[in-house]
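Reviewing the structure listed below.
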Amino acid sequence: MRVLVVDDEKNIAELLGMAMRYEGWDIHLAHDGQAAIRTAREVRPDAVVLDIMLPDMDGFKVLERLRENDPNVPVLFLTAKDAVEDRVAGLTAGGDDYVTKPFSLEEIVARVRALMRRTVATVTSNDSTLVVGDLTLDEDSHEVTRGGDDISLTATEFELLRYLMRNPRRVLSKAQILDRVWNYDFGGQANVVELYISYLRKKIDAGREPMIHTLRGAGYMLKPAS
C-alpha cells in the first residue's frame with residue numbers, strides 16, 4: 001500500500017511516515033501543495049493524509065487537483081481547527097475523513113487503515129458505479145438497482161444512499177450523516193435522518209433481506225445481505 005503524507009511541518013510528516021512504515025506501507029512525503037500534486041502523479045497513492053493548512057495552497061485545492069488524476073483515492077484531512085464549519089468544509093470538498101491536531105500516531109494509522117478497507121469493500125465496476133452486495137448505484141446517471149430491479153429515489157434519498165454505499169460496513173452516526181448529506185441546514189435535527197433512513201428502507205429493503213441496519217445509540221450501517 002502506498003500512502004502520501006502531506007504536511008508542511010516536517011517533523012510531523014516524518015513521525016507519521018515512520019509510524020506507517022511499521023505497518024509495511026510504502027510512504028511518500030510532501031511538504032507543500034505543488035509537491036503533493038507532483039508526487040501523487042508519480043506514485044499513484046492508495047491513500048493520502050493531507051494537512052489543510054499548507055504554505056502555497058490549501059488542502060481543499062490540493063484535493064481537487066488530486067481527484068482530477070484519481071477520482072477514488074481516499075483522503076484523510078489533518079486540521080488544527082475543530083469548528084463545525086471547518087469539518088463540514090472538509091467533507092463537502094470531498095475528503096473521506098478528518099482528524100484534528102493534536103492527534104496520536106495510532107489514531108492516524110487506524111483511520112488510514114479503515115479508509116483503505118472501505119475502498120476495497122466498495123467494489124467499483126467503473127468510475128461512476130458503486131456496488132455493495134446486490135445493490136448498485138450509478139453516480140452519473142443516478143440509476144439505482146437491487147438484484148436487477150430498478151429503484152426510484154428522490155435527490156435526498158440518493159445522496160443518503162450514496163454516502164452509505166461509500167462507507168460499507170461502517171457505523172455512521174446521525175451527526176456524520178447530517179454533516180455530509182444536509183450540511184447542517186437542518187440545525188442538527190437528527191429526526192430528519194431517521195425519517196430518510198425509513199424512506200430508504202421501504203425502497204431498498206422492502207421484501208428483501210435488509211441491508212440497512214440500526215445500531216442503537218451509535219448510528220446506521222449498510223452492508224451486503226448475508
Side-chain angles (χ1 to χ4, degrees), residues 1-31 36 39-40 43-54 59-60 62-63 66-67 70-84 86-124 130 132 162-181 213-224:
M1 290 292 186
R2 295 178 301 278
V3 181
L4 173 60
V5 177
V6 187
D7 198 307
D8 63 324
E9 295 184 64
K10 294 185 178 181
N11 59 331
I12 291 179
E14 290 288 350
L15 283 171
L16 286 170
M18 181 179 65
M20 293 183 195
R21 287 188 184 100
Y22 279 120
E23 298 294 314
W25 300 338
D26 180 18
I27 305 302
H28 300 264
L29 305 181
H31 304 301
T39 304
V43 305
R44 303 286 292 183
D46 297 296
V48 179
V49 179
L50 177 58
D51 190 15
I52 289 179
M53 303 296 289
L54 295 171
F60 303 140
V62 175
L63 173 62
L66 294 179
R67 288 275 166 82
D70 186 352
N72 300 311
V73 63
V75 173
L76 171 67
F77 273 128
L78 304 179
T79 175
K81 302 177 181 179
D82 196 23
V84 168
D86 295 308
R87 292 189 289 131
V88 171
L91 294 173
T92 303
D96 298 279
D97 202 352
Y98 70 91
V99 174
T100 55
K101 297 179 180 181
F103 48 74
S104 71
L105 295 176
E106 292 82 2
E107 179 184 14
I108 298 294
V109 170
R111 295 286 189 100
V112 172
R113 189 186 298 117
L115 281 181
M116 290 196 282
R117 270 203 311 267
R118 282 155 47 195
T119 302
V120 171
T122 303
V123 179
T124 55
L130 302 177
V132 179
R162 173 157 56 182
Y163 185 41
L164 293 172
M165 291 183 71
R166 282 179 173 175
N167 298 276
R169 301 181 186 276
R170 180 188 179 196
V171 179
L172 301 171
S173 70
K174 292 176 182 177
Q176 287 174 305
I177 294 171
L178 280 169
D179 262 351
R180 175 57 68 92
V181 180
H213 302 269
T214 301
L215 286 86
R216 192 172 300 277
Y220 302 97
M221 176 196 295
L222 182 139
K223 64 180 181 179

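The model shown is predicted, which means the values in this text are computed figures rather than measured ones.
Glu107 is linked by a side chain to side chain contact (heavy atoms under 4.5 Å, CB included) to Val99, Phe103, Ser104, Arg111, counting only residues two or more places apart in sequence or in another chain.
In this structure, the separation between CG on Leu222 and NE2 on His213 is 7.5 Å, given to the nearest 0.5 Å. Taking NE2 of His28 as the reference point, atom CZ of Arg2 lies at 7.0 Å (rounded to 0.5 Å). How far CD1 of Ile27 is from CG of Leu16: 9.0 Å, rounded to the nearest 0.5 Å. The CG atom of Leu4 sits 8.0 Å away from the CG atom of Leu50 when rounded to the nearest 0.5 Å. To the nearest 0.5 Å, atom NE2 of residue His31 and atom CG of residue Asp51 are 12.0 Å apart. How far CD1 of Ile52 is from OG1 of Thr100: 10.5 Å, rounded to the nearest 0.5 Å.
In this structure, the side chains of Met53 and Thr79 stay at 4.5 Å or more apart for every pair of heavy atoms. Proximity of Leu63 to Val48: side-chain heavy atoms (C-beta onward) are nowhere separated by under 4.5 Å. Looking only at side-chain heavy atoms (C-beta outward), Val6 and Val62 stay at 4.5 Å or farther from each other. Contact of the Pro224 side chain with the Val132 side chain is registered, since non-hydrogen atoms from C-beta on lie closer than 4.5 Å. Looking at Met20 and Val109, their side chains come closer than 4.5 Å, going by heavy atoms from C-beta outward.
Counting only residues at least two apart or in different chains, salt bridge (charged side-chain N to carboxylate O under 4.0 Å, His left out) contacts with residues 7-20 comprise Asp7-Lys101, Glu9-Lys101.
Among all heavy-atom pairs drawn from Trp25 and Arg113, the shortest one is CH2-N, 4.0 Å. Shown here for Pro45 and Ala40, the closest heavy-atom pair between the two residues is CD-O, 3.5 Å. Closest approach of Val3 to Val112, counting heavy atoms only: CG2-CG1, 4.4 Å. Minimum heavy-atom separation, Leu66 to Ala36: CD2-O, 4.1 Å. The shortest non-hydrogen separation linking Leu215 to Val171 is CD2-CG2, 3.8 Å.
With hydrogens and angles ignored, the 3.5 Å screen pairs no side-chain donor or acceptor of Arg169 with any backbone N or O of Met221.
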